[in-house]
Amino acid sequence: MINPIKSASAELRELLMNALGRMTAEGKIEAALLPTFNIEIPADKSHGDFASNIAMACAKPLKSAPRKIAEMICEAIILDGSSFERVEIAGPGFINFFLSQTWFSEVVNDVIDNGSEYGRTDTGRNKKILVEFVSANPTGPMHIGNARGGAIGDCLSSVLDWAGYSVSREFYVNDAGNQVQKFGKSLDLRYSQICSEKCADLMKNYTSNEEFAQAVYDNSNEFPMPDDVYLGADIIVHAKNFYDIHVDKYMNETEEVRRDALCTYAMPINIQKLEDDLGKYRIKYDTWFRESTLHNSGAVEEVIELLKKSGYTYEEEGALWFKSSEFGDEKDRVLVRANGIPTYFVPDIAYHYNKLCTRGFDTAIDILGADHHGYVPRMKAALQALGIAPERLNVVIMQMVLLMKNGEVYKLSKRSGKAVTLETLLDEIPIDAARFFFNLREANSHFEFDLDLAIEQSSKNPVYYVQYAHARICSILRNFESEGIALSKMSNTALNILTAPEEKELIRFIASLPNTVDSAAKDYDPSKITRYSVELASLFHKFYDKCRIKGAEDELVSARLSLCIAVKTVLKNTLDMLKIECPEKM
RNA sequence: GUGCCUGUAGCUCAGCUGGAUAGAGCGACAGACUCCGACUCUGUAGGCCGCAGGUUCGACUCCUGUCAGGCACACCA
């Protein structure tokens with residue numbers, strides 16, 4: 001676990017504290033309470049590699065001018081043997097620090113030595129964290145929102161893994177409750193239509209069940225459906241496949257038996273399809289947690305009892321209510337309806353209880369669409385009532401996606417007239433592009449997805465731009481290797497010739513990967529990694545353009561090749577984190 | 001009506017717990033290879049950081065108000 005920026009920053013803090021201590025000992029300043037001060041990385045490199053506002057922060061307690069204090073600190077500070085070679089006072093009293101050339105050399109070697117591990121940190125201290133994402137209903141295909149949620153959830157999980165957490169990915173399968181009833185009803189209605197006289201002729205015209213389904217779907221006059229069911233053609237396909245097996249045998253059964261048989265037939269197919277589609281999207285879950293297990297194990301009843309015991313429930317108008325308003329929710333919520341059936345809220349509480357108590361995860365993360373944001377306060381309220389710290393549940397809210405094509409909003413797929421599915425999206429654009437683009441913006445911002453740009457093979461397309469940088473480095477290394485130039489490890493002193501501004505900037509940036517990983521993990525924001533990779537590619541191209549390798553002196557050639565290897569390592573690590581391909585040739 | 005989220009360059013977006021002259025990409029305009037991958041790079045133009053107050057040495061950042069857009073406000077999930 002190596003973090004060059006963090007180490008240097010900590011070292012600098014130590015140097016400053018020692019300087020202040022020396023000043024106090026010499027009686028130059030009073031041993032006043034030391035104010036908090038910052039060490040930051042200036043945006044403008046002429047302001048040094050690090051800067052501190054310590055002199056400004058001391059101005060008040062020491063009753064002295066910031067610049068004067070800064071001068072005293074600069075006299076007292078001892079840089080010999082440190083990672084810093086120079087200080088400077090600037091502006092209203094900032095003290096700017098410049099890293100030594102050796103520090104830069106060490107970074108290059110550290111990155112190469114750590115290889116595929118470089119960038120990992122131990123910040124998470126192996127705490128168990130469960131990331132639940134997508135959790136699409138198994139009653140139909142996944143939509144664009146699921147596509148975004150999938151990319152964000154999967155990459156966030158990777159980022160947390162890199163930051164030292166013990167991460168599990170989970171899909172919550174809503175295989176119980178109301179929407180399953182609705183699913184059964186929809187299937188049954190379609191099955192009944194298929195078994196009717198009207199359909200007999202239509203069936204003869206189609207050899208594929210998909211085309212047949214589309215025809216039935218399009219002909220809503222002949223085959224009307226109520227509003228409160230699933231209307232998609234996928235339901236018709238299931239019903240027809242079921243019919244192909246059983247013909248109209250189930251029309252003699254009761255409605256309940258029929259619906260049950262249809263559900264039992266179609267649900268596993270849908271769940272398998274979810275798993276397959278997400279697998280193609282490179283998402284592999286550790287667990288597929290079924291809602292039905294909560295019902296079957298009695299966990300739902302159990303959580304109702306626990307809530308009753310907590311004293312935060314009451315009965316009114318025949319229903320059981322939860323006093324969520326006492327925990328900041330805008331109003332109380334119904335747990336058990338007057339008809340005795342629990343609302344969806346109860347199994348959800350049981351599910352989160354299961355995550356945090358039964359299975360003992362330290363933290364649970366839910367990735368939810370913005371349309372579910374109102375749900376967060378009540379879930380946190382329920383956790384509190386159960387004696388669970390609400391901070392252990394973290395919800396990442398993601399805003400809606402706007403698909404753009406030819407400069408226009410692209411809403412419906414032409415074929416079905418339905419919302420674009422994950423499957424059709426991945427037919428249109430490469431998986432790399434989908435995963436990358438969905439992680440280009442932070443979750444909680446409205447996002448325009450430019451489909452044209454995603455398939456474009458040029459530098460305008462950020463994912464190509466990054467992959468190209470990697471392929472370019474591989475090519476360079478191949479060329480030198482084929483010319484017999486050995487790429488052996490270099491000493492820090494030998495790397496000290498990397499002094500060009502482009503080289504130092506590039507090294508500074510690769511040094512910041514561990515910090516970026518920590519920051520992305522802390523904010524639950526994998527887009528920081530995506531943008532990091534783009535900037536790294538850009539800095540590499542600039543370096544490559546300005547600093548020629550071929551034709552330079554032997555020592556410089558070797559040093560620059562070392563830098564190339566370091567950059568390649570970092571590019572690969574970031575793309576691996578995002579599960580995006582890292583081509584050696586394009 | 002109430003709550004949450006979002007307003008930064010023509011467009012899409014960064015801006016870390018308040019810091020120095022507000023950034024990037026695209027688009028526009030002007031340039032750079034007989035030379036390591038031009039799928040690249042360089043430069044120019046473009047901003048009352050939605051608006052108005054407040055907090056302080058200092059505010060895109062924090063607080064209050066206000067305007068605009070998105071979303072949510074079920075004994076649906």
Side-chain angles (χ1 to χ4, degrees), chain A residues 36 38 40-44 46-47 51-53 56-57 59-60 65-66 90-94 96 137 139 174 177-180 182 228 291 316-321 329-331 333-345 347-348 369-377 397-400 402 404 407 440-442 444-450 453 456-462 464-465 467-469 471-480 483 515-516 518-519 522-523 527-528 531 534-535 537-538 540-552 557 560-561 564 585-586:
Chain A
T36 57
N38 290 339
E40 59 191 39
I41 298 168
D44 184 341
S46 68
H47 293 145
S52 179
N53 67 347
M56 288 137 94
K60 222 170 211 177
F94 285 104
N96 298 336
N137 273 334
T139 51
N174 293 105
N178 238 331
Q179 73 277 358
V180 176
K182 189 169 151 185
D228 60 337
E291 182 184 346
E316 195 175 284
E317 294 174 19
L320 182 70
W321 293 73
D329 194 11
E330 47 190 32
K331 56 182 163 187
R333 309 287 171 177
V334 171
L335 293 170
V336 183
R337 299 180 184 93
N339 65 10
I341 299 172
T343 60
Y344 79 98
F345 186 33
D348 252 12
D371 54 341
H372 287 87
H373 76 263
Y375 153 95
V376 180
I397 296 290
M398 52 173 195
Q399 299 293 334
M400 299 294 152
L402 219 48
M404 301 298 284
L440 213 41
R441 308 275 172 253
E442 68 183 82
N444 194 12
S445 73
H446 300 265
F447 172 51
E448 279 191 24
F449 194 123
D450 188 336
L453 184 59
E456 194 166 315
Q457 307 202 359
S458 79
S459 65
K460 289 179 201 166
N461 181 346
Y464 266 85
Y465 183 76
Q467 289 177 322
Y468 175 71
R472 199 179 196 186
I473 296 173
C474 290
S475 167
I476 294 159
L477 296 176
R478 270 196 306 272
N479 290 345
F480 275 93
E483 285 171 27
N515 261 12
T516 305
D518 276 346
S519 163
K522 181 172 151 285
D523 296 341
S527 74
K528 284 185 160 64
R531 287 192 300 270
V534 177
E535 195 172 342
S538 174
F540 172 75
H541 289 312
K542 282 173 190 175
F543 150 77
Y544 186 72
D545 196 64
K546 202 84 178 183
C547 305
R548 283 197 63 82
I549 301 173
K550 206 171 241 181
V557 169
R560 284 180 172 163
L561 285 176
C564 283
K585 277 181 188 169
M586 288 171 78

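Note that this is a predicted model, so its numbers are computed, not measured. Throughout, a chain's letter reflects where its sequence line sits, starting with A, and its residues are numbered from 1.
Residue A/Lys550 places its side chain closer to B/C36 than to any other of B/C36, B/C73, B/G27. Here B/G19 is the nucleotide among B/G19, B/A77, B/G37 with the atom lying nearest to any side-chain atom of A/Glu40. Distance from the side chain of A/Pro42 is smallest to B/A20 among B/A77, B/A20, B/C36. Checking B/A77, B/A20, B/G15 against every side-chain atom of A/His47, the shortest atom distance belongs to B/A20. Looking at the side chain of A/Ser445, the nearest of the listed nucleotides B/G19, B/A14, B/A77 is B/A14. In the set B/G19, B/G37, B/C71, the nucleotide with an atom closest to the side chain of A/Met56 is B/G19. Out of B/G19, B/U12, B/C41, the shortest distance to the side chain of A/His541 is found at B/C41. Of the candidates B/G37, B/A20, B/A72, B/A20 carries the atom nearest the A/Asn96 side chain, counting heavy atoms from C-beta on. Among B/C71, B/A20, B/C73, the nucleotide with an atom closest to any side-chain atom of A/His373 is B/C71. Side chain of A/Arg548, nearest nucleotide from B/A20, B/U6, B/C35: B/C35.
Across all strands shown, A/Lys585 has heavy atoms under 4.0 Å from base atoms, whether or not it also approaches the sugar-phosphate. Residue A/Asn53 is classed as a base contact, given a heavy-atom separation below 4.0 Å to a base. Across all strands, A/Cys474 comes closer than 4.0 Å to no nucleic acid atom at all (heavy-atom distances). As judged by a 4.0 angstrom heavy-atom cut-off over every strand, A/Ala370 is placed among residues touching the sugar-phosphate backbone only. Nucleic acid contact class of A/Glu317 (heavy atoms, under 4.0 Å, all strands): base. Within 4.0 Å of A/Ala471, counting heavy atoms only, lies at least one base atom of the nucleic acid. If you check every strand for non-hydrogen atoms under 4.0 Å, A/Lys331 touches sugar and phosphate atoms only. Using a 4.0 Å heavy-atom criterion, one finds that A/Gln467 contacts no nucleic acid atom at all. A/Ser519 comes within 4.0 angstrom of nothing in the nucleic acid, heavy atoms only. Contact annotation for A/Phe345: no contact, since no heavy-atom pair falls under 4.0 Å across all strands.
Between B/A68 and B/G58, the distance separating the two P atoms is 33 Å to the nearest Å. Nucleotides B/G69 and B/A24 are separated by 32 Å at their P atoms, to the nearest Å. B/G18 and B/G31: their P atoms are spaced 47 Å apart (whole Å). Across the P atoms, B/G43 and B/G25 are found 10 Å apart, a figure rounded to whole Å. When the P atom is compared between B/U8 and B/C13, the two are found 9 Å apart, to the nearest whole Å. Distance check on atom C1': B/A28 versus B/C16 gives 32 Å, rounded to whole Å. Atom C1' of B/C51 sits at a distance of 23 Å from the matching atom of B/A14, rounded to the whole Å. The separation of B/G3 from B/G46, taken at their C1' atoms, amounts to 38 Å, rounded to a whole angstrom.
Looking at which nucleotide of RNA chain B each of A/Gln179 and A/Gln457 is closest to, the 5′-most match is held by A/Gln457. Residue order along RNA chain B, read from the 5' end via each residue's closest nucleotide, puts A/His446 first among A/His446 and A/Tyr375.
In this structure, the side chains of A/Lys550 and A/Ile476 stay at 4.5 Å or more apart for every pair of heavy atoms. Two residues are said to be in side-chain contact when any heavy atoms from C-beta on lie closer than 4.5 Å; A/Tyr375 and A/Arg333 fail this criterion. Under the 4.5 Å side-chain criterion, counting only non-hydrogen atoms from C-beta, A/Lys528 is in contact with A/Asp523. When side chains are defined from C-beta on, A/Gln457 does not count as touching A/Met586, because their heavy atoms never get closer than 4.5 Å. Contact of the A/Tyr544 side chain with the A/Arg472 side chain is registered, since non-hydrogen atoms from C-beta on lie closer than 4.5 Å.
Of all nucleotides present, none satisfies the Watson-Crick or G-U wobble test against B/C39 with each distance under 3.5 Å. Of all nucleotides present, only B/C26 satisfies the Watson-Crick or G-U wobble test against B/G10, with each distance under 3.5 Å. Base pairing annotation: B/G65 forms a Watson-Crick or G-U wobble pair with B/C51, both donor-acceptor distances under 3.5 Å.
Taking both residues in full, the closest heavy atoms of A/Gln399 and A/Ala370 are given as OE1-CB, 3.4 Å, listed atom of the first, atom of the second, then distance. Across A/Asn461 and A/Glu456, no two heavy atoms sit closer than the pair ND2-O, 2.8 Å.
Rounded to a whole Å, the OH atom of A/Tyr344 is 9 Å from the C1' atom of B/A74. Taking atom CD of A/Glu442 as the reference point, atom C1' of B/C16 lies 12 Å away to the nearest angstrom. Across the protein-nucleic acid pair, A/Asn444 atom CG and B/G15 atom P stand 12 Å apart, rounded to whole Å.
A distance-only check finds a donor-acceptor pair linking the side chain of A/Ser52 to the backbone of A/Asn38 [under 3.5 Å].
Residue A/Asp545 places no side-chain atom within donor-acceptor reach of the base of B/A38, judged by atom type and a 3.5 Å distance cut-off alone. In terms of polar N and O atoms assigned as donor or acceptor, the side chain of A/Glu448 never comes within less than 3.5 Å of the base of B/C13 in a complementary pairing.
At the phosphate of B/A77, OP1 or OP2 sits under 4.0 Å from a side-chain N or O atom of A/Asn178. Within the 4.0 Å cut-off from OP1 or OP2 of B/A14, not a single side-chain nitrogen or oxygen of A/Lys528 is found. In terms of phosphate contacts, A/Asn38 brings no side-chain nitrogen or oxygen within less than 4.0 Å of OP1 or OP2 of B/G19. Residue A/Tyr465 places no side-chain N or O under 4.0 Å from the OP1 or OP2 atom of B/C26. The phosphate of B/G25 has neither OP1 nor OP2 within less than 4.0 Å of any side-chain N or O from A/Arg531.
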- Item | Worked check of side-chain hydrogen bond (donor to acceptor under 3.5 Å, both in side chains) between A/Asn174 and A/Tyr344 | CA-CA 10 Å; A/Asn174 293 105; A/Tyr344 79 98; over 6 Å; no
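Ring stacking holds between A/Tyr544 and B/C36, with the centres under 5.5 Å apart and the planes within 30 degrees of each other.
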